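In what follows, a structure is listed as structure tokens, so that the remarks can point back to it.
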Amino acid sequence: MNKFYITSSLPYTNAPAHIGHLLEFIQADVLTRYNRLLGNEVFFLTGTDEHGRKNVQAAEKKEKSPQEFVNEISAGFKELTKIAGISIDKFVRTTDQFNHWPAVHKIWKKLRDNGDLYKAEYEGLYCIGHEAFIKKSELKDGLCLEHQTEPEKIKEENYFFKLSKYKNQIEKLIQEDKIKILPVHRKNETLKLIKDSEDVSASRPKESISWGVPVPGDSGHIIYIWLEALISYLSGIGYADETEVFKKFWPPDIQIVGKDIMRFHTIIWPAMLLAAGLELPKSIYVHGFITVDGQKMSKTIGNVTDPFDLVKKYGVDPIRYYLLREISSYEDGDWSEKKFEARYNADLANNLGNLVSRVVALIEKFFNGSFSCSRRFVSKEIDEKVIDTWKKYNQSIDNFKLHIALENVFSLVGFANLYIDEHKPWAISGNPEKLNIVMTNLIVILLNVAWLLKPFLPETSSNIFEILGADKDGKSWEEKPFQVRPRILFPKI
RNA sequence: CGCGGGGUGGAGCAGUAGUAGCUCGCCUGGCUCAUAACCAGGAGGUCGCGGGUGCAACUCCCGCCCCCGCAACCA
């Protein structure tokens, strides 16, 4: 049994959860459940990233205190993990002063003692309209593009982290896949980004940002939120006290992140860990973004899709299925209700659901609803087909191609539908030997489909066992007869 | 000259050197166990444009056009 530590990123709490957050949760959940199925000891961590000025501003708009505000948003994310069947072991909150902050301070001190933090003047252009520093590229004729005002030049003292000291080392680790970045185009992107990496700001003066973790021994400064938030992957498993959990699970086997925050995870984060003398994550999986009806999600357009509504309307597994199958694990994808319904009807209702109904009906009709399997009736052809499916499925998951893994499962479903047509069980009821072989093969395929689906569609998986009349996980399929319990698995929309 | 992704039959996508494939839709046929489902066959594409390399390019190289995303220490 191996340990398996997986993290999703911590959503930022300035706005409620949308469908993109759900995508990442679900992807991580599949890998989590898959590894549990393999018998590994798994720890799945997520949480919420709650500091920084954006949260303060969002709270002000709602006329709430920052803590009050992030409490609510954070609770929403936690609730989302519950309704979507996300099997997390730990939900970290970065405002947790008892568990998170001590870990942050511990890392800070390590970096400081290592000589990797230094103070320097930071000079930037501050736009009153933005209430933020802006880039030269956001100026036109010396004026802020958006507000048509001249920005102020502001100088402030920051701590900086010596990222440059580690960049060569990290570049090599990534090239050699010691930190494996998938998909490969993200690895290449990172390698290019590393070359231009400079030291990064590690703190801001308290006057600029007060909502955050203070620098130990220098309370006039607040730790830059990115450095602090990344440490959640350590704090959440007990790094501060070097607990048994920490010793067992560190380092992460897989960290899942969105493409927008890739560089923080593939460059700054490994540099921090090197500086702190900690082991590095073994792999980082980068997923894309979801558009809605082909458009970027935005509040202005008003197409920000609420995952709670979707799950309520369609159920957890159909939504999980769409996000995992229709959207490539490697690329951007699109959500649309029309595409969802097409996918649902074609794959879940017509292919899988109908297949289950067919098999169950055959057992009812020709065996009075109770059928006993025996391994000796399983055809070689079926055996090979099933093994081949597992092989491709495992490979796809190992390469974070979850959509391909599901494609393979559904190709087995299609195979079973064809198998029924070709072997016409209804026409061979006079030949019990033949009929037994056909039915046993079908049951074996369905059991395997249910097992294959378990990490992806946990509810559906157990529903299939239940409809077939198998025991909880169908493992004793040769011992007990299947007492079928007919039910529509996925009603058509 | 910031970085990356993409441009493939009506729609949505996969593929990646050697007869162009999948899903949906459409047409025809089969089957009757099934959620009017399932199975087979068919129509429909000069694989963005222009060059180059190869016996052979959608697939490699160069240039161009068009879409999209990310980033520039805003977390």
Side-chain angles (χ1 to χ4, degrees), chain A residues 10 12-14 49-55 57 94 122 124 126-127 130-138 158 160-161 163 183 185-186 188-193 195-202 204 209 211-212 224-230 258-264 268 286 288-289 291 294-296 325-328 330-334 336 338-339 341-343 345-366 403-404 407 410-411 414 416-427 429 438-439 442 486-493:
Chain A
L10 276 60
Y12 197 63
T13 47
N14 66 332
D49 177 7
E50 308 180 11
H51 288 128
R53 185 155 54 197
K54 272 194 180 177
N55 280 322
Q57 287 172 339
T94 58
Y122 173 63
Y126 194 81
C127 166
H130 271 88
E131 281 283 16
F133 288 98
I134 60 172
K135 314 286 156 318
K136 280 184 182 157
S137 59
E138 289 175 297
N158 286 5
F160 278 81
F161 170 54
L163 178 61
H185 65 256
R186 296 295 174 202
N188 297 337
E189 194 177 349
T190 299
L191 288 171
K192 287 196 177 173
L193 284 169
K195 293 196 195 300
D196 303 325
S197 295
E198 293 167 11
D199 292 351
V200 290
S201 169
R204 301 289 309 276
I209 298 176
W211 185 241
Y224 178 55
I225 185 166
W226 259 114
L227 265 68
E228 177 247 299
L230 288 163
K259 64 179 184 179
D260 55 329
I261 58 173
M262 177 185 76
R263 48 189 245 101
F264 296 99
I268 298 177
V286 185
F289 277 10
T291 52
Q295 277 184 305
K296 187 180 172 176
R325 173 69 186 89
E326 178 77 19
I327 292 176
S328 161
Y330 275 20
E331 306 291 344
D332 290 347
D334 186 48
S336 92
K338 209 177 150 191
K339 278 186 205 163
E341 291 188 0
R343 257 300 162 200
N345 281 333
D347 295 357
L348 296 179
N350 293 348
N351 272 329
L352 176 58
N354 186 47
L355 172 67
V356 172
S357 293
R358 296 177 84 179
V359 173
V360 165
L362 288 165
I363 291 174
E364 282 198 292
K365 190 150 184 170
F366 298 109
H403 58 300
I404 304 292
E407 187 183 281
F410 277 77
S411 129
N417 272 317
L418 175 58
Y419 181 85
I420 297 180
D421 277 47
E422 281 178 345
H423 291 83
K424 302 182 176 32
W426 53 89
S429 55
V438 172
M439 292 313 297
L442 285 170
R487 179 155 63 92
I488 298 293
L489 191 60
F490 291 107
K492 284 195 81 161
I493 295 176

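Convention: sequence-line order gives letters A, B, ...; per-chain numbering from 1. These numbers were taken from a predicted model, which means no experiment stands behind them.
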(request) Specify the separation, in whole Å, of atom CD of A:Glu326 and atom P of B:C24. (result) 12 Å
(message) Of the listed nucleotides (B:U35, B:C33, B:C24), which one gets closest to any side-chain atom of A:Ala361?
(response) B:C33
(message) Taking 5.5 Å and 30° as the limits, would you call A:Phe289 and the base of B:G69 a stacked pair?
(response) no
(message) Measuring to OP1 and OP2 of B:C31, would you say a side-chain N or O of A:Lys424 lies under 4.0 angstrom away?
(response) no
(message) In this structure, how many angstroms lie between the P atom of B:G69 and the CD1 atom of A:Ile261, rounded?
(response) 19 Å
(message) By nearest atom, which of the nucleotides B:A40, B:C33, B:A72 is closest to the A:Arg263 side chain?
(response) B:A72
(message) Need one value for A:Ile488: base, sugar-phosphate or nothing, where a base atom within 4.0 Å counts as base even if backbone is also close, heavy atoms only.
(response) base
(message) To the closest 0.5 Å, what do you measure between CG (A:Asn55) and CD1 (A:Ile225)?
(response) 6.5 Å
(request) Figure out the CZ/P separation between A:Arg343 and B:C22, and round it to whole Å. (result) 14 Å
(message) In the structure I gave you, are the side-chain heavy atoms of A:Trp226 and A:Ile261 within less than 4.5 Å of one another anywhere?
(response) yes
(message) With heavy-atom distances below 4.5 Å as the criterion, would you say the side chains of A:Phe161 and A:Asp199 are in contact?
(response) no
(request) Drop me the distance from A:Asn354's CG to A:Phe490's CZ, to the nearest 0.5 angstrom. (result) 13.0 Å
(message) Is any side-chain heavy atom of A:Lys54 closer than 4.5 Å to one of A:Thr13?
(response) no
(message) Side chains of A:Gln57 and A:Asn14, heavy atoms from C-beta outward: is any pair under 4.5 Å?
(response) no
(request) For A:Leu355, report the nucleic acid contact type (base, sugar-phosphate, nothing); a contact means any heavy atom under 4.0 Å. (result) nothing
(message) Is the shortest side-chain heavy-atom distance between A:Ile420 and A:Leu355 below 4.5 Å?
(response) yes
(request) Go through B:C74, B:A37, B:A40 for me and flag the one nearest to the A:Arg204 side chain. (result) B:C74
(message) Students often mix this up, so state it plainly: with edges at 30° and 60°, are the rings of A:His51 and A:Trp211 parallel, tilted or perpendicular?
(response) perpendicular
(message) Suppose you measure atom P in B:G48 against the same atom in B:C58; what distance do you get, rounded to whole Å?
(response) 10 Å
(request) Have a look at A:Ala349 and say if it touches a base, only the backbone sugar-phosphate, or nothing, with a 4.0 Å heavy-atom cut-off. (result) base
(message) Defining pairs by Watson-Crick or G-U wobble geometry with both distances under 3.5 Å, how would you list the stems of RNA chain B with at least three pairs each?
(response) B:2-7 with B:65-70, B:10-13 with B:21-24, B:26-30 with B:38-42, B:48-52 with B:60-64
(request) Looking at every strand, decide which applies to A:Tyr224 at a 4.0 Å heavy-atom threshold: base, sugar-phosphate, or nothing. (result) sugar-phosphate
(request) Using whole Å, report how far NE2 of A:His403 lies from P of B:A14. (result) 7 Å
(message) With rounding to the closest Å, how many angstrom separate the C1' atoms on B:A71 and B:A37?
(response) 49 Å
(message) Taking the P atom in each of B:U59 and B:U8, what is the distance between them to the nearest angstrom?
(response) 14 Å
(message) Counting only side-chain heavy atoms from C-beta out, which of B:A75, B:C39, B:U35 sits nearest to A:Asn417?
(response) B:C39
(request) Could you work out the separation of B:A36 and B:G25 based on their P atoms and round it to a whole Å? (result) 15 Å
(request) Considering only NZ, NE, NH1 and NH2 on the basic side and carboxylate oxygens on the acidic side, decide whether A:Glu189 and A:Arg186 come within less than 4.0 Å. (result) yes
(request) Please examine the side chains of A:Phe160 and A:Asn158, heavy atoms only from C-beta on, and report whether any two atoms are closer than 4.5 Å. (result) yes
(message) Please give the distance between the C1' atoms of B:A17 and B:A34 as a whole number of Å.
(response) 44 Å
(request) For A:Asn354, report the nucleic acid contact type (base, sugar-phosphate, nothing); a contact means any heavy atom under 4.0 Å. (result) base
(request) For the residue pair A:Asp421 and A:Arg358, establish whether any side-chain heavy-atom pair is separated by less than 4.5 Å. (result) yes
(message) Please give the distance between the C1' atoms of B:G51 and B:C65 as a whole number of Å.
(response) 15 Å
(message) Within the 4.5 Å heavy-atom criterion, are A:Ile268 and A:Val200 side-chain neighbours or not?
(response) yes
(request) Pull up the glycosidic torsion of B:G54 and say syn or anti, syn being anything within 90° of 0. (result) syn
(request) Let me know, please, whether A:Asp347 or A:Tyr12 comes out on the 5' side of the other along RNA chain B by nearest nucleotide. (result) A:Asp347
(request) Determine the Euclidean distance between corresponding P atoms of B:C1 and B:G18; express it in Å to zero decimal places. (result) 38 Å
(request) Take the protein atom NZ of A:Lys365 and the nucleotide atom C1' of B:U32, then report the distance between them rounded to whole Å. (result) 9 Å
(request) Send over the distance from A:Asn345 CG to B:U23 P, rounded to a whole Å. (result) 16 Å
(message) Give me the distance, rounded to whole Å, that separates B:A14 from B:C22 when you measure between the C1' atoms they each carry.
(response) 7 Å
(message) Distance check needed: B:A75 P versus A:Trp211 CH2, whole Å only.
(response) 15 Å
(request) For A:Phe410 and B:C38, give me the distance from atom CZ to atom P, rounded to whole Å. (result) 13 Å
(request) Map A:Asp334 and A:Thr291 onto RNA chain B by nearest heavy atom, then report which one ends up closer to the 5' terminus. (result) A:Asp334
Report each atom pair, protein N/O against N/O of nucleotides 3-7 of chain B, whose distance is under 3.5 angstrom.
| unit_1 | atom_1 | unit_2 | atom_2 | d |
| --- | --- | --- | --- | --- |
| B:G4 | OP1 | A:Lys192 | NZ | 2.3 |
| B:G5 | O2' | A:Glu331 | OE1 | 3.4 |

(message) So, OP1 or OP2 of B:C38: does either fall under 4.0 Å of a side-chain N or O from A:Asn350?
(response) yes
